[in-house]
Amino acid sequence: MTEYNFSGRAFARMLTHLPAETPIYRAFEGTDPGEPTTVWYGTQKAHLIRWFDELAGPGGYNRKTRGRRAKQGYNSFQCAAGLIWLAEALGEDPAVVQAAADEASQHRHTAAQCGAVRRHIPWERIVELIVSQNLHTRPSSQRQTRAERGMRTRIVF
């Protein structure tokens, strides 16, 4: 298999093609589409686009380590709902996604929840799903909602 070493920004562009809503992630998160939230992002799609787009610099999280690649971003992202959304939106087998969500829900701490998801859906599987949909070869989607661009900064592709 070819080794893919996506930049965070290139990976963020790929995510623009994915649906914002998926049922397993919403059930895991315990929210309904359009429901007011206490976080800046309205969907995990918006959350992940912003996270990956800002990996090269400090971003909204004031990162000390800069210049990270998408693989490092995936393995350090600490939101299980976002990891579940990503796999589900990429078309992972719903039984695998549900098993990951079920195991994650057994843990109280965020790091343990994310570790549970990554045991079921490692980075290599994410890459396989991206390649199977040719997302790595498509130009970014030009139509984005304000939530997908992020409320603090505008993501330009």
Side-chain angles (χ1 to χ4, degrees), residues 6 8-55 57-65 68-130 132-133 135 140-141 143-155 157:
F6 306 120
R9 181 153 288 166
F11 193 73
R13 282 189 219 121
M14 293 175 215
L15 302 184
T16 66
H17 296 285
L18 301 177
E21 298 299 335
T22 61
I24 298 171
Y25 123 68
R26 279 295 183 181
F28 178 83
E29 193 171 61
T31 61
D32 293 320
E35 183 178 311
T37 65
T38 59
V39 292
W40 65 265
Y41 50 88
T43 65
Q44 287 300 327
K45 177 179 181 175
H47 190 191
L48 279 161
I49 288 173
R50 175 94 177 264
W51 169 260
F52 282 103
D53 188 60
E54 296 180 346
L55 277 179
Y61 299 91
N62 199 24
R63 292 180 192 89
K64 306 238 185 301
T65 304
R68 293 177 141 192
R69 307 299 288 176
K71 179 180 182 178
Q72 294 166 305
Y74 178 81
N75 287 323
S76 62
F77 188 68
Q78 292 297 304
C79 177
L83 298 175
I84 291 165
W85 168 80
L86 178 60
E88 189 175 13
L90 283 169
E92 178 60 279
D93 180 345
V96 172
V97 177
Q98 189 62 61
D102 291 345
E103 184 179 338
S105 69
Q106 300 302 310
H107 299 280
R108 288 185 49 213
H109 299 289
T110 305
Q113 290 175 347
C114 293
V117 174
R118 289 188 195 99
R119 277 191 290 282
H120 290 270
I121 310 158
W123 171 252
E124 293 74 19
R125 179 61 179 148
I126 296 297
V127 171
E128 288 172 4
L129 293 165
I130 286 168
S132 73
Q133 293 187 33
L135 291 177
S140 66
S141 172
R143 301 200 74 177
Q144 296 176 359
T145 67
R146 184 172 178 214
E148 289 169 340
R149 285 193 305 266
M151 294 170 74
R152 292 186 208 147
T153 58
R154 182 176 176 176
I155 299 172
F157 298 116

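- When every heavy atom of A111 is checked against every heavy atom of Q78, the shortest pair comes out as CA-OE1, 3.1 Å.
- Atom CG of L48 and atom CG of L86 lie 6.0 Å apart (nearest 0.5 Å).
- Between the NZ atom of K45 and the OG1 atom of T22 there is a distance of 11.0 Å, given to the nearest 0.5 Å.
- F6 does not carry R13 over the face of its six-membered ring by the limits of under 6.0 Å from the centre and within 45° of the normal.
- Shown here are the side chain to side chain contact (heavy atoms under 4.5 Å, CB included) partners of S76, two or more places apart in sequence or in another chain: W51, R68.
- Residues R26 and G42 come closest through the heavy atom pair NH2-O, 3.5 Å.
- The side chain to side chain contact (heavy atoms under 4.5 Å, CB included) search around R125 returns E92, I121, P122, E128, L129, not counting sequence neighbours.
- Pairing each heavy atom of F28 with each of A104, the nearest pair is CE1-CB, 3.9 Å.
- Residues F11 and W123 place their aromatic rings such that the two centres sit under 6.0 Å apart.
- The closest side-chain donor-acceptor pair between Q106 and D102, if any, does not fall under 3.5 angstrom.
- Here salt bridge (Lys or Arg N to Asp or Glu O under 4.0 Å) pairs that include residues 77-88, with residues two or more places apart or in two chains, number zero.
- Here the straight-line distance linking atom CD of E103 with atom CZ of R118 works out to 12.5 Å at 0.5 Å rounding.
- Between the CD atom of Q98 and the CG atom of D93 there is a distance of 11.0 Å, given to the nearest 0.5 Å.
- Pairing each heavy atom of R108 with each of Q113, the nearest pair is O-NE2, 4.1 Å.
- Separating the CG atom in L18 from the OG1 atom in T43 is a distance of 11.0 Å, to the nearest 0.5 Å.
- Contact between A80 and C114 at its shortest, heavy atoms only, is N-SG, 3.4 Å.
- In this structure the side chain of Y25 never reaches within 4.5 angstrom of the side chain of V97, judged on heavy atoms.
- Shown here for H107 and A116, the closest heavy-atom pair between the two residues is CD2-CB, 4.1 Å.
- In this structure, the separation between CZ on F52 and NE2 on H47 is 10.0 Å, given to the nearest 0.5 Å.
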